[in-house]
Amino acid sequence: MQLLLIHSDYIEYETKKRTPVAEEIESSMKRGCMEDALTAFIAVESYDEADPDDAVKNAATEIRKTAGQVKAGRVMLYPYAHLSSELSKPAVAVDVLKKLEETLSSDYEVKRAPFGWYKAFKISCKGHPLSELSRTLRTGKDVGSEGNKKDVVKEGVEDVGKGAEVVSEALKSEEKAVSHWHILTPDGELLPAEAFDFSEHTDLKRFVDYEISKSRAVDRIPPHVELMKRLEIADYEPGSDSGNMRFYPKGTLMKRLLEEYVIDTVSKRGAVEVETPVMYDMNHPTLKKYLDRFPARQYSIESDKRSFFLRFAACFGQFLMNRDMTISHRNLPLKMVEMTRYSFRREQHGELVGLRRLRAFTMPDMHTLCGAMDSAITEFKNQYVMCMDVLADIGLDRDYEVAIRFTRDFYTDNQEFITELVKTVDKPVLIELWDSRFFYFVIKFEFNYIDTMNKASALSTVQIDVENAERYGIEYTNKNGDQIRPTILHCSPSGAIERCIYALLEKAHLTSEAGGVPTLPTWLAPTQIRLIPIADRHIKYAEGIARAMPGVRVDIDNRDETVGKRIRAAGREWIPYVVVIGDKEVENGVLSITIRAESVKVEETAPKLHERITSETAGMPYRQINLPMMLSQRAIFFG
RNA sequence: GCCGCUGUGGCUUAGCUUGGUAAAGCGGCUGAUUCGUAAUCAGCAGAUCAUGGGUUCGAAUCCCAUCAGCGGCUCCA
C-alpha cells in the first residue's frame, strides 16, 4: 500500500464522473469537506491482496502515529491510484478502504472519498516539516511470492477532476515568466535567435538549441566518464548516494590545484576567504522563506528533533555573516569567498552523469556587497573579465559559449553596458530577456561548456542580486550615517571544480577525435615528468635528475618492464614530458625528452627542461606529487 | 520522479536467445630477462555471475523486486 499523508487546513472534493470501477454511493458522499484534517491519499496495491486485513491494520497504525504527531483529530481517506503502478483489484481496494474507515472511526472523525470516481478536490497543506509524509507499507513476509502479480490489471482508477489544486509554495514558484531569445553580436546588433546566421558559430548553435528547443539527441556515454576512471581521477561511489564521487590521488591533486588557483585569483582582487557551515536549520525564518521555493531539491538531515538541510551554495552562511557585520561605505565593494566543499543539490537521477552534474560538488562561491546599481555594474564588468581570465588559465580559453540573461527594465536602462560585455568576449552571445523579474537577480551571465553530446553546462557565472540584502537584513552605513541595503553580486569564477575537470576531459577527447593528442594543461598534470631508466643501474641517476627539478612533479618508472611498455604506459597517462635515461644520458648529461603536446623528441639538459616547465606553469599553483615517486611502489586504484 | 537498456575475477569482455563443470585478454603474484622510445617469455592465483526472492531435479541463463550505471522524458536558484 502507498500512503501520502498531508496535514491540511482543509480538504474538499466533489465527484464529477464515474469510472468503470466506481463504487455505488449515496448522494451524501458525492461531495465532502473537512477542516484541519490529516488527509491520507491511499493506493491499495497487489501486494495487499495476500492479506487485506493486515494491510488495514498497518495503515491504521501508520495514520494513528502521524495523527498523533501532528495532533489531528480528523482523518480524510482519499483513494488515489496514481501513487502506485501495481494496483490491487478494485474490489479489494474498496474493501480495504471501508475497513480502514471503520477501524479509525473509533478514535477519529473519519470521512472517506468514494472509490472509482473522477473528483475535483482542493487541499491546503499546512507546510510544516511533518505536514507531508509518504509511506510504503508491505504486508506479511512473503511479499512478492504470488505468481499473479504481473497479471494485475490496472483498472482501479480513481482520478482527480480538472479543478484539482494543491496550494503550496513550491508549486507557485513553478510559474514561468516569458523568455525572449536573441543573439547579440559584438557589433551591437540584436537579432531574434531564429534570424541569426549560425553558419560560422556552430557551438553557439548547439548551445541555443540546448537552451531553446532542448534538442537532446544522444546515443553514447559521455566520453569523460571512461577517462575520469582510466586516468584515476574520480569514480562513482556505490556506498554513497548517487552523484557523490570518490576522488583518487591524481584527481584530488587536480582538484586542490584548481581550488587553490581560484582562491588565489579572487584574493588578489581583494576577496577574503571564509568558512561557513554545510547545514542549516530548516525552520530558520530567513532561510525557510528561501527554501520553500524549491523543497524537493535539498538533502535534509534529521538530528535529535530538529531538521536541517545541506547548503546548495555559500549564500546562506555568507549572508548571515554579512548581516551581523558592521560595514561602512568605505569597505565597499566587500568581497567574501568560500570554496564550498561541498555544496549539495539533490539533482534528479537522470541528470547525474560522471562529473558533469553532481549531488555533492566543490564550488567557489564569492559574494560582493556593492553600493548602488552603478557600482554593482562596474564590479559585474570586472568579474566578467576575471571569469574569462580564469577559464583561460584553467585551460578552457574560449571553449565556451556565453549567455546573458536580464529583465527588460534592466536592458532599457543599461543597453550600452550589455553591448560592451559582448564586445569584450568578441563573439555573438545568447540573450535571454524576461518581461519581468521572477528570480532574485536582474541580470546574470554564464560561460557554458558545450560537450560532444550537445549538453550545455554552466561554468563561470555572475548575478546581480536585488532581493537578498532585504531578506537577510544586510546593511552598510553611508556617508551621511544612513543604513543602506547593498546590492549583492554572486560570483562563481570557475563554476564547480569537478565540472572544470569534466570540461577539460571532454575537450581532450574532442582533440583526440580530431586526430590530435589529448592532454591536460601542464600545471594540472598529476605527473609532469616521467623518468624511464633503461636498466636498474640507471635508477640512481634518475633519482638525481628528479632531485634537480624543484617545483616540478617528477616520478620514476622503475618497474621491471621493457622500455617500450613503460613508454606506452606514460602515454596512456597523458604525461606531458617523458624522459628515457640510459648509458648515453648518464655519460653526456643530456636528456632524451618526448614532448607529448608537440609529439616531438628533443635533447636537452636537465636545467633546460626544468626551466621549460617552470616557465610553462609560471603563475599557476604548484603542489608536490600525490603518489610514491617510484612506480613500483604504487598501488592501482582502477583497472 | 517516469520510460527503456545494462550489470559475469581488479579492468575490458564471451557465455544468456535454446537452463546442465563459468571462458579469454589486460592487470596482479612468482620465476627468467636488465632491455634505447606505444604491449618480453613462462607459470600461478583470482568469480557467492549486482543484491534479495521465485520457478526448476538443476539457474550466469527464465520470472519478480531492489540497488547501481547508462540513455530518453521531466526539471534546473
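Note on naming: letters A, B, ... go to the chains in the order of the sequence lines (proteins, then strands), and numbering restarts at 1 for each one.
Of the P atoms belonging to C44(B) and U61(B), the separation is 30 Å, rounded to the nearest Å. Going from the C1' atom of C3(B) to that of U8(B) covers 27 Å, rounded to whole Å. Going from the P atom of U13(B) to that of C75(B) covers 34 Å, rounded to whole Å. Nucleotides C67(B) and G52(B) are separated by 15 Å at their P atoms, to the nearest Å. Taking the P atoms as reference points, U37(B) lies 36 Å from A45(B), given to the whole Å. Remark: the separation of the P atoms in G46(B) and C5(B) is 37 Å, to the nearest Å. Nucleotides G20(B) and G4(B) are separated by 28 Å at their P atoms, to the nearest Å. Across the C1' atoms, C49(B) and A60(B) are found 4 Å apart, a figure rounded to whole Å.
One can place CG of L227(A) at 15 Å from C1' of C11(B), the figure rounded to the nearest angstrom. Spacing between atom CD of E446(A) and atom C1' of C76(B) amounts to 11 Å, rounded to whole angstrom units. R359(A) places its CZ atom 12 Å from the C1' atom of A68(B), with the value rounded to the nearest Å. To the nearest angstrom, C1' of A77(B) lies 10 Å from CE of M363(A). Whole-Å rounding puts the E561(A) CD to A42(B) C1' distance at 14 Å. Whole-Å rounding puts the M228(A) CE to G69(B) P distance at 10 Å. A straight line from CG of N448(A) to C1' of C76(B) spans 13 Å, rounded to a whole angstrom. The CD atom of E347(A) sits 14 Å away from the P atom of C70(B) (whole-angstrom rounding).
In this entry U6(B) has A68(B) as its Watson-Crick or G-U wobble partner, both defining distances falling under 3.5 Å. Across all strands shown, the partner of C11(B) is G25(B), judged by Watson-Crick or G-U wobble contacts whose two distances both fall under 3.5 Å. Within the shown strands, nothing qualifies as a pairing partner of C49(B) under the Watson-Crick or G-U definition with both distances less than 3.5 Å. Base pairing annotation: G19(B) forms no Watson-Crick or G-U wobble pair, as no partner gives both donor-acceptor distances under 3.5 Å. Nucleotide U37(B): unpaired (no Watson-Crick or G-U wobble partner with both distances less than 3.5 Å). Using the Watson-Crick or G-U wobble rule with both distances under 3.5 Å, U56(B) pairs with nothing in any strand shown.
Judged by atom type and distance alone, R230(A) does not reach the base of C11(B) through any side-chain donor-acceptor pair under 3.5 Å. In terms of polar N and O atoms assigned as donor or acceptor, the side chain of D536(A) never comes within less than 3.5 Å of the base of C35(B) in a complementary pairing.
In this pair, F406(A) and F410(A) present their aromatic rings tilted. The plane angle is within the 30 to 60° band.
The phosphate of G27(B) has OP1 or OP2 within less than 4.0 Å of a side-chain N or O from K565(A). OP1 or OP2 of C35(B) sits under 4.0 Å from a side-chain N or O of R537(A).
Checking E232(A), E498(A), E237(A) one by one against R246(A), the salt bridge (charged side-chain N to carboxylate O under 4.0 Å, His left out) holds for a single residue, E237(A).
Counting non-hydrogen atoms under 4.0 angstrom, V353(A) reaches the backbone sugars and phosphates but no base. Within 4.0 Å of V580(A), counting heavy atoms only, lies at least one base atom of the nucleic acid. Across all strands, E226(A) comes closer than 4.0 Å to no nucleic acid atom at all (heavy-atom distances). Using a 4.0 Å heavy-atom distance criterion, K584(A) is classed as a base contact. Using a 4.0 Å heavy-atom distance criterion, I636(A) is classed as a sugar-phosphate-only contact.
Salt-bridge annotation for D555(A) and R634(A): present, with a side-chain N of the basic residue lying under 4.0 Å from a carboxylate O of the acidic one. Taking a cutoff of 4.0 Å between a charged side-chain nitrogen and a carboxylate oxygen, K565(A) and E561(A) qualify as a salt bridge. In this structure, E211(A) does not pair ionically with R206(A), as no charged nitrogen and carboxylate oxygen lie closer than 4.0 Å. Checked for salt-bridge contact, R596(A) and E573(A) miss the test: no charged N lies under 4.0 Å from a carboxylate O. In this structure, R346(A) does not pair ionically with D241(A), as no charged nitrogen and carboxylate oxygen lie closer than 4.0 Å.
Nearest to the side-chain atoms of A535(A) among the listed nucleotides U34(B), A77(B), G36(B) stands U34(B). Nearest nucleotide to the side chain of R357(A), out of G36(B), C35(B), C76(B): C76(B). Distance from the side chain of P222(A) is smallest to C70(B) among A77(B), C70(B), A32(B).
For residues 231-252 of chain A, proximity to RNA chain B is found at Y236(A), S242(A), defined as any non-hydrogen atom under 4.0 angstrom from a strand atom. Against RNA chain B, the stretch residues 567-575 of chain A makes heavy-atom approaches under 4.0 Å through I567(A), R568(A).
A centroid separation of less than 6.0 Å is found between the aromatic rings of F380(A) and F445(A). Ring pair F312(A)/F344(A): centre-to-centre distance not below 6.0 Å. Ring centroid separation for the pair Y384(A) and F447(A) comes in under the 6.0 Å cut-off. Ring pair F441(A)/H490(A): centre-to-centre distance not below 6.0 Å.
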Side chain to side chain donor-acceptor pair (under 3.5 Å) between Y440(A) and Q463(A), worked out
CA-CA 9 Å; Y440(A) 55 75; Q463(A) 308 159 358; 2.8 Å; yes

*Chi angles and distances behind the salt bridge (Lys or Arg N to Asp or Glu O under 4.0 Å) call for E506(A), R356(A)*: CA-CA 10 Å; E506(A) 289 285 334; R356(A) 189 168 95 86; over 6 Å; no

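Positionally, the nearest nucleotide of RNA chain B for I534(A) lies more toward the 5' end than for the other of T562(A) and I534(A).
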